[in-house]
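Order of the sequence lines sets the chain letters (A, B, ...), proteins ahead of strands, with each chain counted from 1. Keep in mind it's a predicted model, so treat the numbers as computed, not measured.
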2 protein chains.
Amino acid sequence: MNRKAQAAKAETPKQTDMLLRQFIGYNMKRAYLQVQEDMARTLEPLGLRVGTFSALAVIMGSPGISQTQLSEVLNIKRSGVVVVVDDLERAGAVERKPVRTDRRAYALHVTQEGSQLWKRAEAAVQAHEAALFTDLEAPEQRALQELLVRAARSAKHTREAGK
Amino acid sequence: MNRKAQAAKAETPKQTDMLLRQFIGYNMKRAYLQVQEDMARTLEPLGLRVGTFSALAVIMGSPGISQTQLSEVLNIKRSGVVVVVDDLERAGAVERKPVRTDRRAYALHVTQEGSQLWKRAEAAVQAHEAALFTDLEAPEQRALQELLVRAARSAKHTREAGK
DNA sequence: TACTTATTGTTCATTGACATAACAATCATG
DNA sequence: CATGATTGTTATGTCAATGAACAATAAGTA
């Protein structure tokens with residue numbers, strides 16, 4: 001690094017994004033991107049991406065769920081679910097079982113192997129978040145959780161009302 | 001909609017993402033996606049996207065900033081800044097002025113027109129967020145802001161330490 | 001000075017995570 | 001049973017961002 005660059009780095013980092021910090025959306029994006037990137041790195045050794053991790057969690061919690069239902073929970077389209085489930089099935093973590101009452105649909109189930117994978121992944125992400133948010137006390141983390149949930153709900157409300 | 005689908009919708013929405021709600025990252029993603037989508041819609045009539053809006057804000061707050069510096073503030077690569085600035089320049093909102101002391105670099109400045117565009121955009125997003133978060137009291141919004149900032153900082157710290 | 005390394009902005013190809021549109025198979029309903 | 005809806009799927013496109021290479025220029029060094 002040359003002198004000019006060093007000097008620039010050394011300067012008190014003038015808050016050049018002052019005009020943006022007033023917005024919740026901006027701060028949310030910054031925080032989200034930080035967390036998301038690390039999450040991906042945490043899951044990679046387990047052969048999971050954030051999307052497949054989430055899908056695995058939902059199928060764990062709702063055995064027999066259909067792909068359409070899964071798409072609603074995850075807020076993605078049915079066509080997007082296909083590749084996610086393909087991925088999990090290829091990894092041997094979930095299987096598509098036929099539904100007796102509807103030959104179009106599949107009932108998604110987590111395999112033994114998938115169940116163990118989930119346990120490892122859950123523990124990994126828990127440990128990861130604990131490390132990531134060491135600067136926040138436990139009650140603060142809970143407060144953040146609750147505010148995020150309520151913010152999402154409020155936003156959803158407003159949008160659906162003003163539709 | 002047929003009977004089966006109606007019945008499914010009517011059921012108490014079983015929390016099928018329970019296993020995910022424990023994670024800050026998941027709640028952050030949900031909230032972020034809600035907000036981000038609406039933000040884009042708010043800015044669209046003004047000819048701005050979230051990326052160009054942010055860039056405009058930073059250039060407003062730091063006249064003469066270079067593209068490399070801008071890329072650092074916005075956390076994107078220099079090659080990504082090019083298209084953003086191209087966009088803003090095409091819209092007549094900013095201009096690339098030559099730097100006397102360095103013929104490689106540009107000093108970015110907001111034009112008169114861009115300044116007025118910023119005022120309108122800032123007001124629009126302020127109004128939008130006010131409407132979006134009506135379910136949160138003002139102190140709660142401030143708390144969320146602060147927690148988001150600290151969460152991002154904590155995450156950044158941890159990452160840089162464990163690098 | 002010469003020359004070697006760094007930095008700036010740029011282009012182009014690629015990626016990832018989605019969405020959209022069309023489709024066959026199957027189901028529901030009047 | 002005839003018509004319309006729904007399920008999963010494929011193919012295709014989009015959008016934001018990245019990475020690698022590049023010419024022009026600047027800074028550091030022998």
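Side chain of Ser154(A) to main chain of Arg150(A): no donor-acceptor pair is present (N/O by atom type, distance under 3.5 Å, no hydrogens or angles). With Gln69(B) contributing its side chain and Ser66(B) its backbone, the two residues share a donor-acceptor pair below 3.5 Å.
Of the N and O atoms on the side chains of Glu122(A) and Gln22(B), at least one donor lies less than 3.5 Å from an acceptor on the other residue. Checking Gln145(A) against Arg21(B) by side-chain atom types alone, no donor-acceptor pair falls below 3.5 Å.
Applying the salt bridge (charged side-chain N to carboxylate O under 4.0 Å, His left out) test to Arg30(B) and every residue at least two apart in sequence or in another chain returns Asp17(B).
Residue Phe53(A) contributes atom CZ, which lies 15 Å from atom P of dA17(C) at whole-angstrom precision. The distance between atom OH of Tyr106(B) and atom P of dA24(D), rounded to the nearest whole Å, is 13 Å. For the pair Asp86(A) CG and dG8(D) C1', the computed distance is 10 Å after rounding to whole Å. Protein atom CZ of Arg104(A) is 12 Å distant from nucleotide atom C1' of dG4(D), rounded to whole Å. Here the P atom of nucleotide dA23(D) and the CG atom of Asp102(B) are 19 Å apart, to the nearest Å. With rounding to whole Å, Leu108(A) atom CG is found 8 Å from dG8(D) atom P. Rounded to whole angstrom, the span from the CG atom of Leu74(B) across to the C1' atom of dG9(C) amounts to 16 Å. At whole-Å resolution of the value, CD in Gln69(A) and P in dG8(D) are 8 Å apart.
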Trace of the side chain to side chain donor-acceptor pair (under 3.5 Å) decision for Gln67(A) with Arg96(A)
CA-CA 9 Å; Gln67(A) 293 188 189; Arg96(A) 295 184 233 234; 2.6 Å; yes

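For dT9(D), the OP1/OP2 oxygens have a side-chain nitrogen or oxygen of Gln67(A) closer than 4.0 Å. In terms of phosphate contacts, Arg100(B) brings no side-chain nitrogen or oxygen within less than 4.0 Å of OP1 or OP2 of dA26(D). When the side-chain nitrogen and oxygen atoms of Arg103(B) are compared with OP1 and OP2 of dA26(D), one or more of them lie within a distance under 4.0 Å.
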Using a cut-off of 4.0 Å between protein heavy atoms and nucleotide atoms, how would you tag nucleotides 16-21 of chain D 5' to 3' with B, S and -?
SSBB--

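The line from OG1 of Thr68(B) to CZ of Arg78(B) is 5.0 Å long, rounded to the nearest 0.5 Å.
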